[in-house]
Amino acid sequence: MLTGTNVGCDTTQCGACTVMMNGMAVKSCNVLAVQASGSEITTIEGLKTNGKYHPLQQAFWDNHGLQCGFCTPGMIMTAMDLLKQHPRPSEAEIRHGLEGNLCRCTGYQNIVKAIRAAAEM
Ligand code: FES
Ligand code: FES
């Protein structure tokens with residue numbers, strides 16, 4: 001059973017449920033199973049390769065980009081999409097890209113720092 005993807009609001013507001021669908025970040029609470037049928041879905045569990053964290057996961061770890069961790073899988077999946085579109089994002093681009101993801105612990109400063117560090121990697 002995969003437990004990384006969280007349901008926070010179930011109303012498309014928090015981003016905790018974000019996964020990659022065909023390479024694009026989507027809020028999975030807003031996707032019907034029939035819409036996802038035949039699609040390639042990647043959850044946070046799919047990022048680690050050969051026992052090594054993905055650079056984004058490592059950067060969140062190294063930069064204390066999480067507190068309780070509830071929002072973290074969604075933040076990381078959104079950041080994956082963001083870095084695909086903006087490999088060297090400015091702070092403003094990161095903050096804009098994360099607008100659909102809420103952190104109830106309000107650790108935004110270090111989340112932004114972690115994404116910048118991942119972009120450096
Ligand atoms: S659970 Fe909050 S956006 Fe999907
Ligand atoms: S780390 Fe707790 S909700 Fe973001």
Side-chain angles (χ1 to χ4, degrees):
M1 183 165 63
L2 303 180
T3 58
T5 308
N6 292 317
V7 178
C9 63
D10 214 7
T11 53
T12 338
Q13 294 176 63
C14 74
C17 65
T18 305
V19 301
M20 298 293 275
M21 186 165 120
N22 295 329
M24 274 180 54
V26 296
K27 293 180 176 178
S28 60
C29 71
N30 196 37
V31 178
L32 297 174
V34 69
Q35 293 174 299
S37 179
S39 300
E40 184 181 316
I41 306 291
T42 306
T43 67
I44 190 76
E45 287 90 348
L47 298 190
K48 212 171 169 185
T49 43
N50 300 326
K52 280 193 69 177
Y53 284 134
H54 183 280
L56 263 168
Q57 293 173 301
Q58 190 62 50
F60 269 68
W61 178 270
D62 293 342
N63 292 278
H64 309 289
L66 61 136
Q67 292 172 67
C68 79
F70 189 85
C71 70
T72 312
M75 287 285 183
I76 289 178
M77 300 317 275
T78 297
M80 290 271 295
D81 199 350
L82 173 71
L83 291 182
K84 265 177 54 182
Q85 294 174 47
H86 303 283
R88 306 287 287 200
S90 65
E91 180 163 339
E93 284 170 331
I94 294 173
R95 290 185 183 276
H96 181 67
L98 294 180
E99 276 175 357
N101 291 68
L102 303 179
C103 174
R104 292 179 292 188
C105 302
T106 67
Y108 295 105
Q109 205 64 31
N110 284 352
I111 290 170
V112 171
K113 204 170 132 194
I115 295 171
R116 291 198 93 168
E120 298 293 321
M121 286 191 237

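All ligand and atom numbering here is 1-based and tracks the order in the structure.
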**Study point:** Steps toward side-chain contact (heavy atoms from CB on, under 4.5 Å) verdict (Met80, Leu47)
**Key:** CA-CA 10 Å; Met80 290 271 295; Leu47 298 190; 3.8 Å; yes
Practice item. Name all residues meeting the side chain to side chain contact (heavy atoms under 4.5 Å, CB included) criterion together with Asn6; count only those two or more places apart in sequence or in a different chain, and write none if there are none. Key: Ala16, Phe70, Pro73
Exercise for review: State whether the number of non-hydrogen atoms from other residues, nucleotides or ligands found under 6.0 Å of Gln109 atom CD is greater than 12.
Suggested key: no
**Study point:** Distance criterion under 2.8 Å: protein N/O/S atoms around atom 4 (Fe) of ligand 2
**Key:** 2
Practice item. Before accepting this row, confirm whether a basic side-chain N of the pair Glu91/Arg95 lies closer than 4.0 Å to the acidic partner's carboxylate O. Key: yes
Exercise for review: Supply the atom-to-atom distance Leu66 CG to Ile76 CD1, rounded to the nearest 0.5 angstrom.
Suggested key: 7.5 Å
**Study point:** Reported CG-to-CD1 distance for the pair Asn63 and Ile115, which is rounded to 0.5 angstrom
**Key:** 10.5 Å
Review point. Who pairs with Ser28 by side chain to side chain contact (heavy atoms under 4.5 Å, CB included), at least two apart in sequence or on another chain?
Key: Thr5, Cys17, Val19
Check your understanding: Which residues and atoms, protein N, O or S only, are under 2.8 Å from atom 4 (Fe) of ligand 1?
Key -> Cys17 SG, Cys29 SG
Study note, to complete from the structure: In this structure, CE of Met24 is separated from CE of Met77 (nearest 0.5 Å) by 13.0 Å
Review point. Could you give the distance from CD (Glu40) to CE (Met20), rounded to the nearest 0.5 Å?
Key: 9.5 Å
